[in-house]
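Every heavy atom of this structure was used, including side-chain atoms; hydrogens, water molecules and symmetry mates were not. Ligands are counted one by one from 1 in listed order, and the atoms in each one are counted from 1 as well. Small disclaimer: the values here were computed from a predicted structure and weren't measured.
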Amino acid sequence: MTHEEHASGPDRKAAALGDGTRAVRAGLPEPVKYEPTLPGPVFAAHFHLPGEPTGPYAYGRDENPTWTLLERAIGELEAPEEEGVETLVFASGMAAISAVLLSQLKSGDAVVLPTDGYQALPLLHEQLRAYGIEVRTAPTGGDGQLAVLEGARLLWIETPSNPGLDVCDIRRLVREAHAAGALVAVDNTLATPLGQRPLELGADFSVASDTKGMTGHGDVLLGHVSCRDPERAAEVRRWRKIVGAIPGPMEAWLAHRSLATLQLRIDRQCATALELARTLAGRADVTGLRYPGLPDDPSHAVAVRQMRRFGPVVSFELADRKRAERFLEELRLVDDATSFGGVRSTAERRGRWGGDAVAEGFIRFSVGAEDPEDLIADVLHALDAAGSTG
Ligand code: PLP
């Protein structure tokens with residue numbers, strides 16, 4: 001529960017529903033007698049369409065009723081106080097990211113991206129440059145991207161950044177970017193809309209890989225874009241239609257079902273992540289510990305101004321590659337796997353991919369929904385075992 005929810009008490013109006021209530025009801029249609037509360041997935045490549053070809057449902061690459069409900073649900077979470085925000089779902093987070101970048105930028109434009117964002121972004125740099133777009137990069141921490149904003153068309157923010165967990169001041173970057181005539185998109189994957197709402201902080205686009213915390217079970221690839229301006233939304237929609245980067249109805253339905261437990265999962269994961277971070281802070285064999293929820297973390301002061309929950313990911317360093325690999329082998333309750341935000345804890349030595357500027361012993365740890373005492377005991381055992389091999 002956030003501070004706001006504690007403070008608001010039991011008498012609040014529907015407009016001020018708590019996150020859990022909103023999550024369980026998000027996107028549900030009006031009840032229909034003998035119909036399920038959440039209708040099942042609609043499998044259709046085409047729909048009956050006699051006469052003039054008007055919507056809402058004509059062809060399966062353009063629209064699908066299962067997406068519509070999910071898009072409504074995500075929109076309610078991204079902007080609960082606002083009418084008219086449009087959400088579009090995609091086949092993956094990268095599909096959503098590419099849709100914004102490639103629908104908004106054209107030859108001769110400049111874009112500002114983070115140096116320390118998700119590791120597939122550099123692949124996009126190559127593609128953007130091939131299209132004649134100037135790519136500028138700067139670090140997330142210290143609002144470093146402000147220094148290279150002049151004349152840019154689009155500012156791309158990822159906060160907290162993955163995997164380094166630096167945080168930038170969204171309101172400040174939006175203010176400066178808008179003054180300079182640039183649009184702002186925020187990759188909100190790590191926080192989810194329960195952790196942070198970029199549109200409310202002024203951003204033009206909130207974008208996420210819903211493969212992570214939003215769906216939370218490690219079994220669905222999905223992404224979304226939420227956007228306030230109908231023209232911008234139409235451009236993103238057009239891009240989706242051209243590229244066809246659409247989710248299957250089954251994935252969309254699984255995602256919608258998973259949203260009902262979003263608050264339960266995220267609250268548990270964030271609470272345990274903080275406890276784990278506190279425990280790791282007391283270990284001499286752990287360095288470079290980062291968690292935005294820790295009061296002495298370099299990101300904390302900015303994070304508390306814009307985040308309502310600090311996310312499930314904790315990062316830290318062990319002495320070297322050997323120690324980190326042994327630590328991962330010794331964990332019994334944590335899968336050595338990439339990705340994050342799922343109900344089962346995962347951890348990995350991030351340097352194994354080669355794309356991030358991290359030390360050989362750097363661990364990205366994603367906290368799941370296990371009992372905190374079990375998880376922390378497992379981590380402590382693995383640290384001790386890794387240390388005893390020297
Ligand atoms: N954005 C961030 C911050 C990520 O961590 C990831 C994946 O790890 C992505 C985007 C891409 O998402 P997807 O794998 O769903 O394409």
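Under a 4.0 Å N-O distance rule, the pair D62/K241 qualifies as a salt bridge. Between D335 and R344 no salt bridge is recorded (no basic side-chain N to carboxylate O distance below 4.0 Å). Remark: E76 does not engage R22 in a salt bridge, criterion side-chain N to carboxylate O under 4.0 Å. With salt bridges taken as basic N to acidic carboxylate O contacts below 4.0 Å, one links R283 and D285. At a threshold of 4.0 Å, the pair R332-E330 counts as salt-bridged, since one of the basic side-chain nitrogens sits closer than that to a carboxylate oxygen.
Counting heavy atoms closer than 4.0 Å to ligand 1, residue I97 contributes side-chain atoms (C-beta onward) but none from N, CA, C or O.
The distance from ligand 1 to the heavy atoms of S209 drops below 4.0 Å at these ligand atoms: 9 (C), 10 (C), 11 (C), 12 (O), 13 (P), 15 (O). Applying the 4.0 Å criterion to heavy atoms of F340 picks out, from ligand 1, the atoms 5 (O). Taking a cut-off of under 4.0 Å to the non-hydrogen atoms of M94, the atoms of ligand 1 that pass are 11 (C), 12 (O), 13 (P), 16 (O).
Residue contact annotation: L190 has no non-hydrogen atom under 4.0 Å from ligand 1.
Shortest contact from atom 15 (O) of ligand 1 to any protein heavy atom: T211 OG1, 2.6 Å. Nearest to atom 1 (N) of ligand 1 among the protein's heavy atoms is D187 OD2, 2.7 Å. In terms of protein heavy atoms, atom 11 (C) of ligand 1 is closest to Y118 CE2, 3.5 Å. The shortest contact between atom 5 (O) of ligand 1 and any protein heavy atom is with N162 ND2, 2.9 Å.
The closest side-chain donor-acceptor pair between S209 and Y118, if any, does not fall under 3.5 angstrom. Under 3.5 Å, the side chains of E370 and S345 contain a donor-acceptor pair of N or O atoms.
Remark: side-chain polar atoms of E158 are paired, donor with acceptor, to backbone N or O of N162 under 3.5 angstrom.
Considering R364, K212, Q119 only, the shortest heavy-atom separation from atom 7 (C) of ligand 1 involves K212.
Checked against a 3.5 angstrom limit, the closest N/O atoms of G93 and ligand 1 fall inside it.
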